[in-house]
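One-based numbering, in listed order, for ligands and for the atoms of each.
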Amino acid sequence: MKIIARTAKPLDTQADVLCALVFAPHASKKAGLAAPLAAIDRALRGALSEALKQEDFTGKKDQTFNVATLGRIKAKKLVVVGLGDPAKITATELRTAFAKIARLANGEKAKTLAIALPDGLEPHFRAIAEGLCLGAYRFTKYLTGDRKPKAHLTQVTLSTTQKLGPSAKRSIDTGIQIAAAVNASRDLSNEPPNVIYPQTLAQAASDMAKEAGLKITILDFKEIKKRGMQLLQAVGQGSVHEPCLVHISYVPEKSKKRLIFVGKGITFDTGGISIKPAAGMQEMKHDMSGAANIVGLMQAVAALKPDVEVHGIMACAENMPDGNAYRPGDVWTSYEGKTVEIVNTDAEGRLVLADALTYAHKLNPDVLVDNATLTGACVVALGTTSSGWYANTEEGAEIFNAAVARSGEQMWRMPLLEELRDQLKSDVADIKHAGDRFGGSITAALFLREFIGPTKHWIHADIAGPAMADRTFRWDPKGGTGHGVLTFLAMVENADAAV
Ligand code: MN
Ligand code: ZN
């Protein structure tokens, strides 16, 4: 998408839709419309002020209405959108508001959109650009004929009466790059599982790394077996698509900190021998969302060029029932060296993550973050609008909490209840990989903690609810595919000060 900001009258812009943004309280009943509206109203010969009166428009958040333009201005449609109290406006609120505006423009089949901004939004241009690109996102690759959308929003012009500073364009470009990275994660997650399997997921990571100038290492099945990553091997060996481990790295010249992000890349999760019920199984194509987030995150990191080292690790496998599939009752030796008794082959995510966490801690991170569509239990606990996350130190929790606050993504901290660790005791191996029905998200986190080695700060994010919710093509801070990337990026951007 192309986004241009300019100091100009909004009426001078040729666009399919003109959107006028208004802060509350807007004096709808009185004369004297807010700056962007007055000129539009004159051009419409008072039709706007008349409509404002009828609609009882106050400019409160999410208040929207359309005005017919009757050929009196260049845009075919005029949409007025309320932004609420200017004193309470935040980057998160604006990102969400502009995402909605982009969706609205797509709904109107607009290719071009002009937005008349109220004064004072220039400091938020990055969030505004992010919102527009995230909101305009659709996944239409497999639609043909009438199903193919006729138009897609490709150009947005932001017009303001204020003089723009030199950084305005840079902020917008950064926002576009970040949103494009998040949208790349969303594309991968939305692709069907016959298209995205471990090799093609690794190939996508490889294409991105090449384009972005990042280093990438891919451990194939042979290498996984050679290194003794038996948990990743066990999960992946039931599929004709062999498992792999992907390591993407961004290493700037002088870096004081090393952040490592790990993602679960189960490209399809049937549950394996402990097979899932048929209903809803198609959603399991999203079970690689954690790994998809790594691709998007690393793409954004390459664009931002922070002065800290960032690594992204993806544990990729397909969990299938097969003559060669791993079984409940199996005992496998992890890369960490601990033996693991398998009790349910549908609890495969924590197994591939365990070996990936061992691989990660060997790189000595200052902070280690994993993210995964890990447990239905987390969705039961928090619903589909929030991820859950765990931290092994309060300092690490503060760092992550600050990142969540900056991104605005909905993520709630969960407790590592030590008493539940007993559920993981095994009679035949060092540890069992899953507990009973109760506290399933917590026991999954406690299992993962066994594999972080000497890492001081570890965060585990369970993104199952938001990433698999049926809001795939929408974007808002409460989820959809790509959920988590903005938070991880906020950690990277503030790592120097925080860790
Ligand atoms: Mn599973
Ligand atoms: Zn899974």
Side-chain angles (χ1 to χ4, degrees), residues 185 188-193 196-198 201 231-239 241 243-245 262-294 313-322 325-330 332 340-357 370-382 384 387-388 424 432-437 439-448 451 460-469 472 481 483-484:
S185 295
L188 285 172
S189 184
N190 291 326
E191 282 282 0
I196 287 294
Y197 42 88
L201 184 53
L231 300 183
L232 180 54
Q233 174 191 340
V235 172
Q237 72 178 20
S239 170
H241 302 298
C244 61
L245 186 127
V262 175
K264 167 182 171 183
I266 299 296
T267 59
F268 194 73
D269 182 14
T270 62
I273 296 300
S274 314
I275 199 161
K276 289 176 184 291
M281 203 200 272
Q282 69 279 5
E283 298 296 332
M284 291 302 131
K285 70 171 186 176
H286 296 301
D287 211 16
M288 36 59 76
S289 296
N293 278 354
I294 298 299
I313 291 154
M314 302 152 63
C316 310
E318 185 179 40
N319 188 21
M320 296 293 261
D322 178 78
Y326 77 130
R327 322 155 188 80
D330 279 2
W332 295 86
V340 178
E341 179 193 3
I342 308 302
V343 290
N344 182 334
T345 62
D346 195 12
E348 83 300 335
R350 65 199 68 182
L351 296 172
V352 302
L353 283 174
D355 279 351
L357 285 170
D370 75 72
N371 85 120
T373 48
L374 203 64
T375 66
C378 193
V379 191
V380 171
L382 295 174
T384 56
S387 293
L424 301 177
K432 220 160 65 173
H433 78 130
D436 61 33
R437 237 150 57 69
S441 170
I442 297 170
T443 48
L446 290 169
F447 176 80
L448 292 178
F451 301 89
H460 157 59
D462 191 334
I463 59 169
M468 290 194 179
T472 312
T481 51
H483 182 84

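Results of the side-chain contact (heavy atoms from CB on, under 4.5 Å) test with Asp269 over Met288, Lys285, Glu348 single out Glu348 as the only residue that passes. When each of Thr481, Leu188, Ile266, Ile463 is paired with His286, the side-chain contact (heavy atoms from CB on, under 4.5 Å) condition holds for Thr481 and for no other.
Considering all non-hydrogen atoms of both residues, Ile294 and Gly263 come closest at CG1-N, 3.7 Å. Leu232 and Asp355 make their closest contact through N-OD2, 3.1 Å (heavy atoms, listed as atom of the first residue, atom of the second, distance). Nearest heavy-atom pair across Leu201 and Thr267 is CD2-CG2, 4.0 Å. For Leu382 against Gly388, the heavy-atom pair with the smallest separation is CD1-CA, 3.5 Å.
Counting just the N/O/S atoms of Asp269, the one with the shortest distance to the Mn ion (ligand 1) is named OD2.
Counting backbone and side-chain atoms alike, Glu348 contributes an N/O/S atom closer than 2.8 Å to the Mn ion (ligand 1).
Around the Zn ion (ligand 2), the protein N, O or S atoms found under 2.8 Å comprise Lys264 NZ, Asp269 OD2, Asp287 OD2, Glu348 OE2.
Here the straight-line distance linking atom CZ of Arg350 with atom OG1 of Thr375 works out to 7.0 Å at 0.5 Å rounding.
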